Chemist: 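Quick one: structure below, then a few questions.
From a predicted model like this one, the values you see are computed outputs, not experimental measurements.
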Amino acid sequence: MPGASGALTRGAHPYGVQPLGNLISHDAAQEARSTRETSLGALAVLPDAILLDVLGHLDAASLGRASRVSRFFYVLAHHDELWRTLVLADSERLSFVRTWKETYIAQHFPRALVEHRPLRMAGVFSD
C-alpha cells in the first residue's frame, strides 16, 4: 500500500485489487459480486482477460475516458500492459518513467508534470 512518499509496499497492488482467492469468505464474495455487477453491468459475465483484450483496441484518449466509467474500468484501463502496447507501438526511442502510462504521457506531452497516484478501489478482485 502506498506510503507517505507514494511508494508501494512489496506485494500490494497499486489500485487495491485483491486476488480472486480472497473470495473464500462470504462477505468478500458478496462485495466483489456487487462491485463487479454495478461497475460492469452486462459485461460482468466476461472474464477480465477478455475485457483487457477489448480495451487493448483503444487509443490513449479512449482508455482515459474508459477509466472514468466505473471502479472496475478504472482499474482495467490503468493496466500497465495496455499502456506498454501504446508506448511500443509508436516509440522510436524509449525513456521509461516509473510506469508505462507515465512513459506514454512523458513521450506525448513532454511539458506535462505527471505523477500518477493510483486510487485504491475497494471490492475489486481479479487474477
Side-chain angles (χ1 to χ4, degrees):
M1 114 179 97
S5 68
L8 291 175
T9 303
R10 184 175 182 188
H13 191 281
Y15 299 98
V17 176
Q18 299 177 49
L20 278 175
N22 287 4
L23 288 177
I24 293 171
S25 80
H26 175 69
D27 292 340
Q30 188 67 14
E31 178 185 11
R33 267 194 305 278
S34 174
T35 299
R36 188 173 183 87
E37 289 168 4
T38 57
S39 290
L40 297 176
L43 299 176
V45 298
L46 298 175
D48 296 351
I50 300 277
L51 294 170
L52 287 170
D53 283 345
V54 170
L55 291 177
H57 293 280
L58 301 179
D59 62 13
S62 298
L63 275 178
R65 286 189 289 275
S67 75
R68 295 183 296 227
V69 169
S70 69
R71 284 195 271 175
F72 218 91
F73 268 110
Y74 175 83
V75 171
L76 291 173
H78 283 89
H79 195 276
D80 222 29
E81 297 300 314
L82 296 173
W83 293 95
R84 181 184 72 161
T85 301
L86 292 173
V87 168
L88 298 178
D90 63 359
S91 178
E92 292 164 12
R93 63 186 177 106
L94 179 63
S95 179
F96 187 78
V97 182
R98 287 183 299 270
T99 68
W100 286 106
K101 181 178 182 180
E102 288 184 36
T103 302
Y104 180 89
I105 293 169
Q107 287 181 341
H108 290 84
F109 307 98
R111 294 190 176 157
L113 299 174
V114 177
E115 182 181 343
H116 176 66
R117 297 201 178 234
L119 299 175
R120 297 189 57 80
M121 298 291 147
V124 176
F125 294 79
S126 181
D127 272 337

Chemist: Would you mind listing every salt bridge (charged side-chain N to carboxylate O under 4.0 Å, His left out) that reaches into residues 75-89, with sequence neighbours excluded?
Modeler: E81-R84
Chemist: Compile the donor-acceptor pairs under 3.5 Å between side chains in residues 51-61 and protein atoms, sequence neighbours left out, one pair per line.
Modeler:
| residue | atom | partner | partner atom | Å |
| --- | --- | --- | --- | --- |
| D59 | OD1 | A61 | N | 3.4 |
| D59 | OD1 | S62 | N | 2.8 |
| D59 | OD1 | S62 | OG | 2.7 |

Chemist: Specify the closest pair of heavy atoms between Y74 and H78, including all atoms of both residues, with the distance to one decimal.
Modeler: O-ND1, 2.7 Å
Chemist: Working to the nearest 0.5 Å, report the span between OG of S67 and CG of L82.
Modeler: 11.5 Å
Chemist: Given the rule in the side-chain contact (heavy atoms from CB on, under 4.5 Å) test, do Y104 and V97 qualify, once you have shown the distances and angles that lead to the verdict?
Modeler: CA-CA 9 Å; Y104 180 89; V97 182; over 6 Å; no
Chemist: Are the side chains of D48 and F72 in contact, using a 4.5 Å heavy-atom criterion?
Modeler: yes
Chemist: In Å and rounded to the nearest 0.5 Å, what is the CG to CG distance from L40 to L76?
Modeler: 6.5 Å
Chemist: Are L86 and K101 packed together at the side-chain level, in the sense that at least one heavy-atom pair is separated by less than 4.5 angstrom?
Modeler: no
Chemist: Would you say the side chain of W100 lies within less than 4.5 Å of the side chain of L88, judging by non-hydrogen atoms?
Modeler: yes
